[in-house]
Amino acid sequence: MSTFPSPSRRSFVAAGLAAAVWGLSACGGDESTGTAAAGDAVSVGFSQLGAESGWRTANTESVKASLTTAKGFDLKFVDAQQKQENQIKALRDFIAQDVDVIAFSPVIETGWDEVLQEIKDAGIPVVLVDRTVDTSVEDPYTTWIGADFEQEGKTAGEWVAKNAPDAKVFELQGTLGSGAQVDREKGFNAVAGNQVVGKASGNFTRAEGKTAVEAALQTYPETTLIFTHNDDMGLGAIEAVEAAGKTPGKDVQIVSVDGVRDGLQALVDGKFNYVVECNPVFGTQLAELVKKVAAGEDVPEETIVKDEAFDQTTTQATVDARAY
Ligand code: AHR
């Protein structure tokens with residue numbers, strides 16, 4: 001198990017974010033200072049992008065466990081079922097409800113200009129969670145918390161370049177146009193791009209990952225290694241590889257990202273060869289950021305959640321102790 005070096009994150013498309021105080025017009029807030037009144041619950045509209053993976057489920061549980069009434073929050077949680085139009089609708093509903101803070105995890109990077117401008121015009125601060133946006137709106141959010149996806153892809157690529165330099169790689173990508181897909185592809189290809197023979201999306205789900213790998217094994221029969229952008233698609237890949245009469249982890253090696261319990265179990269079982277962690281349990285950090293943003297306090301432009309990586313020396317005890 002190793003820990004990532006301190007990541008040098010790429011600059012955001014929307015650069016120059018200020019930890020600025022946004023003018024809040026929330027009930028109970030002080031409009032002259034733009035801060036929520038002390039003692040009031042902080043109302044937070046959270047648009048989760050879906051429930052597509054074990055990672056997402058763990059992230060949702062962490063958010064809900066941290067933004068509770070007992071901890072001073074009034075959480076309005078909406079699951080967008082991986083549809084951008086659902087997220088945009090939820091964001092507009094949060095504006096109509098005049099929440100103190102809007103938090104959301106954008107399913108893809110583009111297409112947010114209009115609604116981000118509407119949120120800004122309403123004076124509601126945005127905390128971006130997990131994924132990133134590519135927008136022309138100036139200072140579109142106050143702060144962002146999530147993982148360094150590019151470093152995750154690079155860490156996976158470095159393992160491949162070192163341990164399987166002759167492998168022919170099929171890249172099983174997440175939702176096309178999402179920050180997680182774009183940056184993991186970038187990081188991996190910077191290091192091991194010369195080994196990639198083909199790529200396709202499995203939309204971060206187990207079922208679509210299986211379908212994509214079934215097709216890939218026909219189109220790219222030379223494949224000896226699959227780099228999957230998440231564990232769920234990798235678990236689908238195991239099924240497809242076995243159905244093709246091959247042994248996952250041996251005939252076709254699998255390098256994955258996430259490190260959910262099922263993914264680490266596949267590693268211990270010898271079906272995955274390497275797993276780069278993407279830690280979904282950052283609800284406590286998110287809650288602290290939201291409180292500070294609502295109070296008009298300074299917050300960092302970005303908070304990078306720490307990741308580790310796991311190889312086949314990982315033990316069953318580690319899997320059993322995994323919280324998600
Ligand atoms: O944005 C994080 C990614 O989204 C996780 O790696 C994946 O499992 C999830 O769907």
Side-chain angles (χ1 to χ4, degrees), residues 4 7 9-10 46-63 79-84 86-87 103-110 127-134 144-156 171-188 201-210 212 226-238 254-267 272 274-283 285-286 302-310 322-324:
F4 280 7
R9 189 165 173 81
R10 58 149 174 62
F46 186 98
S47 168
Q48 180 60 286
L49 69 86
E52 74 284 4
S53 63
W55 188 99
R56 190 66 51 195
T57 303
N59 181 249
T60 291
E61 283 170 7
S62 176
V63 168
D79 175 346
Q81 299 176 324
Q82 278 193 293
K83 292 194 174 73
Q84 186 177 37
N86 291 350
Q87 285 206 281
F104 80 110
S105 184
V107 62
I108 56 173
E109 290 195 310
T110 56
V127 175
L128 205 57
V129 179
D130 166 35
R131 295 192 185 166
T132 43
V133 291
D134 178 351
W144 166 83
I145 180 169
D148 187 338
F149 297 138
E150 189 175 334
Q151 181 60 50
E152 291 170 350
K154 190 166 173 243
T155 302
E171 185 175 344
L172 182 53
Q173 302 183 300
T175 304
L176 295 179
S178 67
Q181 177 266 314
V182 171
D183 287 357
R184 284 175 187 161
E185 176 178 20
K186 188 174 172 198
F188 185 87
S201 175
N203 203 23
F204 283 125
T205 71
R206 185 171 181 152
E208 288 171 84
K210 182 182 176 195
I226 294 169
F227 166 49
T228 172
H229 286 194
N230 83 342
D231 286 346
D232 288 76
M233 294 190 297
L235 295 166
I238 288 175
I254 299 177
V255 173
S256 184
V257 183
D258 270 358
V260 297
R261 195 184 296 113
D262 288 350
L264 293 187
Q265 186 64 59
L267 188 66
F272 279 3
Y274 190 63
V275 176
V276 180
E277 183 185 53
C278 180
N279 187 346
V281 183
F282 52 82
Q285 287 164 281
L286 173 64
E302 59 181 42
T303 304
I304 309 252
V305 179
K306 196 174 135 242
D307 289 331
E308 298 177 342
F310 301 86
R322 198 73 171 155
Y324 53 90

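Remember, it's 1-based here, ligands and their atoms both numbered in the order they're listed.
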Need the list: ligand 1 N/O atoms against protein N/O atoms, distance under 3.5 Å, rounded to one decimal.
from     : atom 1 : to     : atom 2 : distance (Å)
ligand 1 : 1 (O)  : Arg56  : NH2    : 3.3
ligand 1 : 1 (O)  : Asp130 : OD1    : 2.9
ligand 1 : 1 (O)  : Asp130 : OD2    : 3.0
ligand 1 : 1 (O)  : Arg131 : NE     : 2.9
ligand 1 : 4 (O)  : Arg56  : NH2    : 2.9
ligand 1 : 4 (O)  : Arg131 : NH2    : 2.8
ligand 1 : 6 (O)  : Arg184 : NH1    : 2.8
ligand 1 : 6 (O)  : Arg184 : NH2    : 3.1
ligand 1 : 6 (O)  : Asp258 : OD1    : 2.6
ligand 1 : 8 (O)  : Ser53  : OG     : 3.1
ligand 1 : 8 (O)  : Asn230 : ND2    : 2.9
ligand 1 : 8 (O)  : Asp258 : OD2    : 2.6
ligand 1 : 10 (O) : Glu52  : OE2    : 2.4
ligand 1 : 10 (O) : Ser53  : OG     : 3.2

**Request:** Mind checking side chain to side chain contact (heavy atoms under 4.5 Å, CB included) for Asp262 and listing every partner two or more places apart, or none if nothing turns up?
**Result:** Leu235
**Request:** For Ala156, enumerate each residue passing the side chain to side chain contact (heavy atoms under 4.5 Å, CB included) test, keeping only those at least two apart in sequence or located in another chain.
**Result:** Phe188, Phe227, Val255, Val276
**Request:** Evaluate side-chain contact (heavy atoms from CB on, under 4.5 Å) for Ile238 paired with Phe272, printing each intermediate quantity in order.
**Result:** CA-CA 8 Å; Ile238 288 175; Phe272 279 3; 3.7 Å; yes
**Prompt:** Is it the case that Gln151 and Thr155 place a side-chain donor and acceptor less than 3.5 Å from each other?
**Reply:** yes
**Item:** Side-chain donor or acceptor of Thr228 paired with backbone N/O of Ser256 under 3.5 Å
**Value:** no
**Message:** Run the side chain to side chain contact (heavy atoms under 4.5 Å, CB included) test against Gln84 and tell me which residues pass, sequence neighbours left out.
**Reply:** Ile88, Val107, Ile108, Trp112
